[in-house]
Amino acid sequence: MDLIGDCIDYQIPVTTRTEARIWGLPKFSSNYDVSAFFLSLIRRTTVPPTLPFNPFSGSKNVTGNYTIGATFCSPKNTSKGGHEKTVLLATHGLGYDRRYWIPTVKTSEYSFAEYAVSKGYSIFMYDRVGTGESSRVSGYNESQISNQLAILTSLTNSVRSGHYTGTLGQPSKVVHVGHSYGSILSHTLVEQDPSISDGIILTGTGYNATAMAFPVAFEGVRGNIATTVSPAKYMGLDSGYLAPADIYGLTVFFFNPVDFDPEALWYSQYIAQPLAAIELLPAVAGSPGATNFTGPVMILTGEVDLPNCGGNCNGGILEHPTREIFSKAKPFKTAVHPNSGHGINFNPNATGAFGVMMDFLAESGL
Ligand SMILES: *[C@@H]1O[C@H](CO)[C@@H](O)[C@H](O)[C@H]1NC(C)=O
Ligand SMILES: *[C@@H]1O[C@H](CO)[C@@H](O)[C@H](O)[C@H]1NC(C)=O
Ligand SMILES: *[C@@H]1O[C@H](CO)[C@@H](O)[C@H](O)[C@H]1NC(C)=O
Ligand SMILES: *[C@@H]1O[C@H](CO)[C@@H](O)[C@H](O)[C@H]1NC(C)=O
Ligand SMILES: *[C@@H]1O[C@H](CO)[C@@H](O)[C@H](O)[C@H]1NC(C)=O
Ligand SMILES: *[C@@H]1O[C@H](CO)[C@@H](O)[C@H](O)[C@H]1NC(C)=O
Ligand SMILES: *[C@@H]1O[C@H](CO)[C@@H](O)[C@H](O)[C@H]1NC(C)=O
């Protein structure tokens with residue numbers, strides 16, 4: 001990044017006020033409990049007498065104060081594209097932190113930040129609460145989606161008003177880029193307030209319920225209590241934090257198992273972050289819904305994405321009902337990224353996906 005971009009790291013204080021759900025189940029005391037939790041999460045609920053899984057015992061209005069680790073990068077040579085005032089605000093998915101966007105492995109092949117900056121754009125990336133250099137919180141409480149959303153809203157407002165943007169000052173455009181859970185958050189953000197964003201690119205996501213295979217993917221990844229998987233790495237986290245049982249679980253969920261770069265896979269395992277059990281619960285509530293957002297929207301998902309497409313995104317399943325959900329978006333585009341698993345940025349030909357994303361922004365006038 002040295003040659004093409006200037007990057008600056010931040011530790012950002014954020015205060016949230018949310019209506020939090022209260023975890024009502026016993027906390028996990030073993031991986032048998034985690035197995036039971038996943039069965040509750042994925043089991044068929046349409047046939048009586050099984051009721052939808054509800055692990056909550058109530059709600060409470062809470063205030064939370066967090067520190068959020070973030071990085072802002074902008075191009076050194078602005079004569080290249082002149083897009084530097086467009087800031088991409090990137091939210092990573094479950095299992096990673098902001099290094100999903102700015103890895104240190106083979107950066108010319110896998111770094112989205114480096115690619116975006118080389119095209120003249122600026123990018124702001126942060127660690128979702130509970131990961132990376134952000135505040136460590138309980139896996140049963142503060143990681144829940146309402147709080148994650150409040151943090152994203154706060155960061156968006158800060159970036160838009162010119163905070164945490166190095167010497168760039170106030171951006172002219174803020175584009176939200178998400179991967180997986182980060183896409184759910186970015187979508188929910190504009191669903192709540194269509195004026196908060198100038199464009200969104202949602203990667204590693206899908207909306208066609210018939211095609212989704214979250215139960216298979218959740219069982220395939222074999223989540224275990226993180227401290228039982230890597231005691232030293234995850235020391236101090238409570239039992240609400242889960243990690244893939246081994247690298248094969250990670251591969252099933254994020255990679256194309258018949259076409260991957262071992263170096264990218266091992267790096268991805270090295271930087272992997274645990275996910276909070278309470279983060280998984282939107283999966284029960286379903287995808288976010290229709291929005292009046294009128295800006296540019298791109299949906300880009302790997303061709304062999306397991307959770308969103310059951311391993312095959314072809315046949316129009318990425319197009320519908322996505323197009324109906326974003327009926328006011330202009331332009332609207334979906335892209336099936338050939339040969340890629342769910343974790344696009346670490347799959348082969350990641351720069352091919354980055355090119356499709358950045359071309360879309362340029363064509364959309366962002
Ligand atoms: C939280 O505050 C809102 C707004 O004041 C109120 O409508 C809601 O009932 C409160 N929720 C709880 C669980 O107290
Ligand atoms: C969750 O955290 C909030 C502070 O953010 C605290 O007020 C609340 O009691 C916690 N709830 C549980 C169930 O631990
Ligand atoms: C968060 O910080 C605010 C302002 O400093 C303070 O009033 C509040 O009590 C804090 N809340 C928590 C849960 O620590
Ligand atoms: C900036 O990029 C332009 C166009 O690619 C090039 O002509 C110029 O030499 C570059 N300047 C620096 C300082 O690298
Ligand atoms: C879109 O806007 C219309 C008109 O203001 C409103 O009735 C509708 O509820 C909005 N839809 C969504 C999904 O927010
Ligand atoms: C899911 O995709 C199939 C195949 O393209 C399509 O027939 C179906 O209508 C889609 N479902 C929805 C809800 O759009
Ligand atoms: C890489 O991705 C781009 C964009 O989807 C595609 O056009 C190209 O064919 C891909 N290359 C390979 C080798 O798959």
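Since we're looking at a predicted model, the values are computed, not measured. Order of appearance sets the numbers: ligands from 1, and atoms from 1 within every ligand.
Interface atoms of ligand 5 facing Ala290, defined by a heavy-atom separation under 4.0 Å, are 13 (C). Atoms of ligand 6 lying under 4.0 Å from at least one heavy atom of Gly316, given by number and element, are 5 (O).
No donor-acceptor contact under 3.5 angstrom links the side chains of Tyr181 and Thr91, judged on distance only. The closest side-chain donor-acceptor pair between Ser59 and Glu19, if any, does not fall under 3.5 angstrom.
Nearest protein heavy-atom contact of atom 9 (O) of ligand 6 is His320 CB, 4.8 Å. Looking from atom 5 (O) of ligand 6 to the surrounding protein, the closest heavy atom is Gly315 O, 2.9 Å. The shortest contact between atom 11 (N) of ligand 6 and any protein heavy atom is with Asn208 ND2, 3.1 Å.
Taking CG of Leu280 as the reference point, atom CD1 of Ile145 lies at 11.0 Å (rounded to 0.5 Å).
Note on ring orientation: taking the six-membered ring where Trp is involved, the planes of Phe56 and Trp23 are perpendicular (angle over 60°, cut-offs 30° and 60°). Between His179 and His342, the ring planes are tilted. Angles from 30° to 60° get that label. Ring orientation note: the planes of His92 and Tyr126 are tilted relative to one another, at an angle of 30° to 60°.
Between Ile317 and ligand 6 there is a heavy-atom distance shorter than 4.0 Å.
Residue-to-ligand polar distances place Asn65 within reach of ligand 3: an N/O pair is separated by less than 3.5 Å.
One option in Asp193, Asn292, Thr291, Val190 has a heavy atom closer to atom 14 (O) of ligand 5 than any other, and that option is Asn292.
Closer than 4.0 Å to atom 7 (O) of ligand 6 lies none of the heavy atoms of the protein. Remark: atom 3 (C) of ligand 5 lies closer than 4.0 Å to at least one protein heavy atom.
When each of Phe254, Phe112, Tyr96 is paired with Phe346, the ring-ring contact (aromatic ring centres under 6.0 Å, His included) condition holds for Tyr96 and for no other.
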